[in-house]
Amino acid sequence: MNILVTVGTTSFESLVKHADNLPSCYNVLIQAFNSGHICKNAKLIDYIDDIDTAYLNADIVVTHAGAGSVYRLLELGKKIIVVPNFERVDKHQEDIAYFVEEQGYSLVLWDVSLLKKVLIECEEFEPSPYVPDAFFKVEEIAEIINSL
Amino acid sequence: MTKYHKLTVLTCYGRGGHESQMDRLMTNLYPHLSKNIEVFSVSDAIKKPCWSDEHFFINELRSKYRRNPFLVLSNVATSLKCLCSIRLRSDVKCVISTGPGISLIAAIFFKVFSGAKIIHLETWSRFYSYSFTGYLMYYISDEFYVQNCELISLYPKAKYSGRL
């Protein structure tokens with residue numbers, strides 16, 4: 001099974017380390033910018049140019065709870081595990097993690113040490129379909145600006 | 001007669017998610033803007049967006065990993081210097097922000113010194129809690145939009161906009 005772990009451009013070393021310790025039945029690719037961890041099992045890269053293709057090639061994507069990444073993955077209909085990054089000073093990633101869990105869009109990994117357990121759960125998990133309420137204020141904002 | 005030929009809209013955003021949101025907004029908004037409007041951008045993202053006529057780089061105001069008030073003060077000072085140079089060369093009549101911290105400084109600066117209209121879109125990652133920037137921008141901005149309807153209970157006078 002192909003697992004993509006993506007942490008974006010912010011440091012999330014605990015997730016990188018636990019992803020590297022997953023059993024060999026998982027083919028793990030980790031995207032982590034400037035990670036200091038030396039991987040023993042997984043493949044680690046700084047940055048993926050064509051991230052959408054990487055998303056589509058993965059069976060399950062384990063993603064930090066950055067909203068941009070989460071929404072993109074949900075829009076693509078991928079099965080995901082969302083991991084709020086508590087290594088940051090601010091804890092704002094909690095909000096979106098609660099949201100996706102409550103709505104049934106994904107599983108949430110609240111404790112990174114449980115990655116293997118949640119990955120097994122995720123294999124059987126059936127996410128609710130994500131239907132976004134698209135932004136509808138473009139014309140209004142344009143009118144405000146054009147009338148200045 | 002004004003010395004400026006164009007009216008300037010200044011977009012303010014942090015790199016990462018805030019940048020993605022501004023890019024989604026401006027990609028859709030830019031074609032609707034009048035020809036006498038130019039768009040500037042100010043951010044800690046290095047890349048100049050395709051919809052921006054001129055891009056200004058400033059350091060992020062605070063670190064994501066360590067609280068350092070001295071660094072914040074230093075970055076505020078640098079930001080103000082940048083905003084002053086923008087004001088000298090353009091007629092900023094509107095500030096659009098998607099957060100975080102630079103939005104506050106730019107909004108206050110151009111509201112006070114240029115009478116600019118302030119439009120803020122609260123981040124798509126908040127559902128149940130205030131962001132520091134959003135909490136203050138709610139009182140500073142002329143138009144305050146929330147992308148998640150759950151936030152209306154925290155910001156009763158906000159407009160729900162749907163998600164970028």
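The shown structure was predicted, so the numbers you read here are calculated from the model rather than taken from an experiment. Below, chain A is the first sequence line, B the second, and so on; all start at residue 1.
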Are more than 12 heavy atoms from other residues, nucleotides or ligands located less than 6.0 Å from atom CZ of A/F136?
-> yes
Does atom CD of A/E123 have more than 12 heavy-atom neighbours from other groups under 6.0 Å away?
-> yes
Hydrophobic cluster membership, B/Y135 vs B/I108, 4.5 Å side-chain cutoff | yes
Gap separating the CG atom of A/D95 from the CG atom of B/L151, nearest 0.5 angstrom = 7.5 Å
Heavy-atom closest pair (B/W124 atom, A/Y71 atom, distance to 0.1 Å) is O-OH, 2.6 Å
When rounded to the nearest 0.5 Å, the distance separating CG of B/N36 from CG of A/L148 is 10.0 Å
Atom pair CD/CD of B/E150 and A/E102 - distance to nearest 0.5 Å | 7.5 Å
May I ask you to name which of A/S69, A/G68, A/A97 has the most heavy-atom pairs under 4.5 Å with chain B?
-> A/G68
Cut-off 4.5 Å, heavy atoms of chain A, and the answer for B/L33 is both
Shared hydrophobic cluster, B/F132 / B/I140 (ILVMFWY, side-chain heavy atoms < 4.5 Å) = yes
Where on B/Y145 is there a heavy atom nearer than 4.5 Å to chain A: the side chain, the backbone, both, or neither?
-> side chain
Part of A/E94 within contact of chain B (heavy atom distance under 4.5 Å) = neither
Answer yes if B/I46 and B/M22 sit in the same cluster of Ile, Leu, Val, Met, Phe, Trp and Tyr residues linked by side chain heavy atoms under 4.5 Å apart, and no otherwise.
-> no
Is the closest side-chain heavy-atom distance between B/D142 and A/I144 below 4.5 Å?
-> no
Neighbour count above 12 (heavy atom, 6.0 Å) for A/K43 NZ | no
Please determine, among B/C94, B/G16, B/G17, B/S129, the option with the most heavy-atom pairs under 4.5 Å with chain A.
-> B/S129
Under the salt bridge (Lys or Arg N to Asp or Glu O under 4.0 Å) criterion, do A/K137 and B/E143 qualify, and how do the steps go?
-> CA-CA 11 Å; A/K137 288 293 189 181; B/E143 305 287 340; over 6 Å; no
Quick one: closest heavy-atom pair of A/V138 and B/L29, and the distance?
-> O-CD1, 3.6 Å
Beyond-backbone contact of A/F99 with B/N148, side-chain heavy atoms, under 4.5 angstrom = no
What residue, out of B/N28, B/I96, B/V9, B/L164, has the most heavy-atom pairs lying under 4.5 Å from chain A?
-> B/L164
Would you find more than 12 non-hydrogen atoms of other residues, nucleotides or ligands less than 6.0 Å from B/K48 atom NZ?
-> yes
Report whether A/I45 and A/V61 are members of the same hydrophobic cluster (ILVMFWY, side-chain heavy atoms less than 4.5 Å apart, transitive linking).
-> yes
Consider only side-chain heavy atoms of I, L, V, M, F, W and Y, link residues closer than 4.5 Å, and tell whether A/F33 and A/L73 are in one cluster.
-> no
Side-chain (B/Y128) to main-chain (A/Y98) donor-acceptor, under 3.5 angstrom = no
Of the listed residues (B/R126, B/K93, B/Q21), which shares the most heavy-atom pairs with chain A below a 4.5 Å separation?
-> B/R126
So what's closer than 4.5 Å to chain A heavy atoms on B/I119: side chain, backbone, both or neither?
-> side chain
Between B/H32 and A/N146, the two heavy atoms sitting closest are O-ND2, 3.0 Å
